[in-house]
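The model shown is predicted, which means the values in this text are computed figures rather than measured ones.
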Amino acid sequence: MGWIGEQIDSIKSIQYRQLVTQAISLGMIVTSALIIWKALMCITGSESPVVVVLSGSMEPGFKRGDILFLHMSKDPIRAGEIVVFNVDGREIPIVHRVIKVHERKDTAEVDVLTKGDNNFGDDRLLYAQGQLWLQRHHIMGRAVGFLPYVGWVTIIMTEKPIIKYILIGALGLLVITSKD
């Protein structure tokens, strides 16, 4: 039967105590990852401290598959900064450069207009119907660093879900059949 037969025999021979121990270990790993993510959210001030560039709209600066590290401070947003923002009615964040800043004298609030470096026009067509500017609550964070190409793992698993399920299944099988 080969490798698959050995794995099935291994699963059959698992004792209840060993299964519980492995489930607790898996739970601790998942919990640790969530704690690290929440800590990063607190440190960076951003609801999503890490994002993946999903399109070529920011080339040549950022390419599809690059991972951006975000930080959101109280400092005012200025033209030239690269921001990640959410648009009402869309769930996927957008990474673009601020091209104009409009400061309201009466409230001291700052509205911004964005554009992808590789796009011809500004982003007003991407914003919600009738919206001409982004307000501060739309901005998730400013790009402060990046890792090239590392985000391709996320893109591939999103575009081809079967790969994600195979990977999760293989990791689950590995956890269940490990002898430690």
Side-chain angles (χ1 to χ4, degrees), residues 26-27 29-102 104 109-169 171-172:
L26 181 62
I29 291 169
V30 170
T31 303
S32 297
L34 289 173
I35 290 170
I36 290 169
W37 184 259
K38 288 293 187 182
L40 282 173
M41 287 174 65
C42 292
I43 292 168
T44 64
S46 175
E47 64 188 73
S48 181
V50 178
V51 294
V52 176
V53 178
L54 298 174
S55 74
S57 67
M58 285 301 292
E59 289 183 0
F62 299 118
K63 294 178 177 40
R64 188 169 191 241
D66 290 353
I67 288 185
L68 297 181
F69 300 102
L70 305 181
H71 186 266
M72 192 63 186
S73 65
K74 300 285 185 203
D75 299 334
I77 297 168
R78 296 291 169 223
E81 290 184 315
I82 296 169
V83 296
V84 177
F85 60 92
N86 277 323
V87 176
D88 298 332
R90 294 182 184 223
E91 61 183 62
I92 297 175
I94 300 170
V95 178
H96 282 174
R97 187 179 305 276
V98 175
I99 59 170
K100 271 189 187 172
V101 176
H102 175 71
R104 297 183 195 174
E109 291 182 26
V110 176
D111 297 336
V112 298
L113 178 63
T114 57
K115 175 188 175 297
D117 290 353
N118 201 21
N119 293 350
F120 292 110
D122 63 40
D123 289 341
R124 286 187 173 147
L125 293 175
L126 294 175
Y127 300 162
Q129 183 74 26
Q131 183 179 358
L132 299 176
W133 300 87
L134 293 174
Q135 285 79 41
R136 183 135 184 125
H137 70 274
H138 293 109
I139 310 293
M140 294 172 61
R142 299 175 171 110
V144 293
F146 78 104
L147 274 175
Y149 308 114
V150 178
W152 271 105
V153 173
T154 302
I155 292 173
I156 289 169
M157 285 196 290
T158 301
E159 290 179 354
K160 301 194 183 327
I162 189 71
I163 294 174
K164 176 173 38 178
Y165 300 132
I166 290 170
L167 183 63
I168 290 171
L171 288 173

**Request:** Would you please test Leu134 and Tyr127 for side-chain contact (heavy atoms from CB on, under 4.5 Å) and show each step?
**Result:** CA-CA 8 Å; Leu134 293 174; Tyr127 300 162; 3.7 Å; yes

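- Each of Val84, Val112, Thr114 was scored for a side-chain contact (heavy atoms from CB on, under 4.5 Å) with Ile139, with one residue passing: Val112.
- With sequence neighbours left out, Asp122 forms a salt bridge (charged side-chain N to carboxylate O under 4.0 Å, His left out) with no residue at all.
- By the side-chain contact (heavy atoms from CB on, under 4.5 Å) test, Arg78 is found to be paired with Pro76, Glu81, Val101, Glu103, residues two or more places apart in sequence or in another chain being considered.
- Annotation: ring pair (Phe, Tyr, Trp, His ring centres under 6.0 Å) contacts involving residues 32-52, sequence neighbours excluded, are absent.
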Determine all donor-acceptor pairs shorter than 3.5 Å in which one atom belongs to a side chain in residues 150-158; sequence neighbours excluded.
unit_1 : atom_1 : unit_2 : atom_2 : d
Trp152 : NE1    : Arg64  : O      : 3.0
Thr158 : OG1    : Thr154 : O      : 2.8

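- Residues Arg136 and Val110 are not in side-chain contact: their nearest non-hydrogen atoms beyond the backbone lie 4.5 Å or more apart.
- In this structure Leu40 satisfies the side-chain contact (heavy atoms from CB on, under 4.5 Å) test together with Ile36, Pro49, sequence neighbours excluded.
- Put simply, the side chain of Arg97 gets close to the backbone of Gly80: a donor and an acceptor are under 3.5 Å apart.
- Residue pairs meeting the ring pair (Phe, Tyr, Trp, His ring centres under 6.0 Å) criterion with at least one partner in residues 131-151, sequence neighbours excluded, are Phe62-Phe146, His102-Trp133.
- For the pair Thr44 and Leu70, the minimum side-chain heavy-atom distance is 4.5 Å or more.
- Residues satisfying the salt bridge (charged side-chain N to carboxylate O under 4.0 Å, His left out) test with Asp123, not counting sequence neighbours, are none.
- Considering Val83, Ile77, Val144 in turn, Ile77 is the only one that fulfils the side-chain contact (heavy atoms from CB on, under 4.5 Å) rule with Met72.
- Among residue pairs with one or both ends in residues 47-57, those qualifying as side-chain hydrogen bond (donor to acceptor under 3.5 Å, both in side chains) are Ser55-Ser57, Ser57-His96; sequence neighbours excluded.
- Pairs engaging residues 53-62 under the salt bridge (Lys or Arg N to Asp or Glu O under 4.0 Å) rule: none recorded [sequence neighbours left out].
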